[in-house]
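As the structure lists them, so they are numbered: ligands from 1, and atoms in each ligand from 1.
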Amino acid sequence: MSDAYILGIESSCDETGAAVVRSGEQILSNVVFSQIATHMPYGGVVPELASREHLRAIVPVVRKALADARQSYPSVDAIAVTQGPGLAGALLVGLSYAKALAFALDKPLIAVNHLEGHIHAVLLEERQKGNHEVNFPVLALVVSGGHTHLYLAEQKGNSWSYENIGHTRDDAAGEAFDKVAKLLGLGYPGGPIVDRLSSHGDPQAVKFATSQIKHPDRNDCGKNDRGKKDGKLKDGHGGFDFSYSGIKTAVLRYVETHNLAPAIEKRRRELSAIEKPKFEDYLALCEPETRNLVASFQRAMVDDLVAKTLAAAEAHEVATLFVSGGVAANNELRQRFEQDAALQGLRVFFPSRPLSTDNAAMIAAAAYPKWLAKDFAPMDFSAEASLPLERL
Ligand code: KG4
Ligand code: ZN
């Protein structure tokens, strides 16, 4: 089989990405232009600004990805692009550019689900390390700013299928990190700073009762009878849902009852006066009570994500666990998954940190089986903000 050089394009949220990946197993280039600086003053992603920034960045980012890979527009074999889920306006920028390239160059166009991309980030890096063996079934936790989803993934030939067995009922885990960080005057995005601050606080200091992370009835949203092998679950669908709006409210309550508002306001003011705050600035501006609160919040999030995912892995007798998406960059989450999965005899794989957050290499990698299967997108396909990942 000859090699395929796929140009991937990603623009679903606040990162403009382009990458060239050879045959789903070797990253030749991976360029990510982050818009964090644009959105930071607003404490979150502003969709209109995201679209505008993608428009500005897309051409230079793609050019750089081709140059870094020593490729050219005519030399790549196909153009892959994120179709969804994501911000509609942001997706449209990548998609329109990918369509224009495919049309002008007369190359196949491949539509990729962003969540499938996050799952294939793990596979891409394992193949790059020479590990081509994956023991199925695979359970993938995709945990990011927009998603906290559990998928059972299977491969049959060049075709991948995914079954969603759990998802967040309200906020995604990354969204909770971002909202709590914003609430505490720590800016945007919250995950990386909460991650680093947590190792400077006491994770036992504040008790977040499990009831604050609501555990819905495990069997209450079964839509089918796809059932469980060992009968532990009556329904195959929706057995392991997450919920993170409760813990966010619990942090807010803590802030109110402990009168942290003046300290938060002072921190917000002082951080905004620093052009590029360093970690030491955040640390210096966080009194022990806030550090403890942050560490306790992170511990509760990690406890819940790990416990639910491992329970799902056990119930579905999976052989391999993937943890991917922006929150998979979290240090405590990685350590706990490694430690607790080992106790269960389960192998757990993460992408490297650059491939955990949004990037286009994962899109080009997920496109490779579709390229082999000649699963090409028609020129009139459109962006889908809520595109589900479910192919059985
Ligand atoms: O996958 P991603 O780049 O974009 C989406 O598809 O959402 O994920 C971004 C999310 C943000 O919510 C960010 O705060 C979170 O991932 N994140 C982290 C860490 N790094 C990024 N959350 C916890 N710990 C981290 N180290
Ligand atoms: Zn993502």
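- Where the criterion is an N or O separation shorter than 3.5 Å, residue side chain and backbone included, D358 meets it with respect to ligand 1.
- Residue H114: an N/O/S atom is found under 2.8 Å from the Zn ion (ligand 2).
- Here F322 and F350 keep their ring centres 6.0 angstrom or further from each other.
- Taking every heavy atom of G145 and a limit of under 4.0 angstrom, the matching atoms of ligand 1 come to 5 (C), 7 (O), 8 (O), 9 (C), 10 (C), 12 (O).
- No option in I165, L139, L150 other than I165 meets the side chain to side chain contact (heavy atoms under 4.5 Å, CB included) test with H316.
- Near T357, the atoms of ligand 1 lying under 4.0 angstrom from a non-hydrogen atom of the residue are 3 (O).
- When non-hydrogen atoms are compared, ligand 1 lies under 4.0 Å from the side chain of H118 (C-beta onward) but not from its backbone.
- For atom 12 (O) of ligand 1, the nearest non-hydrogen atom from the set D178, D195, D14 comes from D178.
- Residue contacts to the Zn ion (ligand 2): H118 brings an N, O or S atom closer than 2.8 Å.
- Between F279 and H200, the distance separating the two ring centers is shorter than 6.0 angstrom.
- The shortest separation from a heavy atom of R353 to ligand 1 is not under 4.0 Å, leaving the residue out of contact.
- Between D77 and K107 there is no salt bridge, since no side-chain N of the basic residue sits under 4.0 Å from a carboxylate O of the acidic one.
- Of the charged side-chain nitrogens involved, at least one lies within less than 4.0 Å of a carboxylate oxygen, so that E175 and K179 count as a salt-bridged pair.
- Although no hydrogens or angles enter the test, the distance criterion places a donor-acceptor pair under 3.5 Å between the side chain of N292 and the main chain of D202.
- At a 3.5 angstrom cut-off on N or O pairs, F177 does not count as close to ligand 1.
- Checked against the 6.0 Å centroid threshold, W160 and Y368 do not count as a close aromatic pair.
- In terms of polar-atom proximity, defined here as any N/O pair under 3.5 Å, G174 does make such a contact with ligand 1.
- Here's the thing with N330: one of its N/O atoms is less than 3.5 angstrom from an N/O atom of ligand 1.
- When only interatomic distances are considered, the shortest N/O to N/O separation between G325 and ligand 1 does not fall below 3.5 Å.
- Note: D303 CG to Q298 CD = 10.5 Å, rounded to the nearest 0.5 Å.
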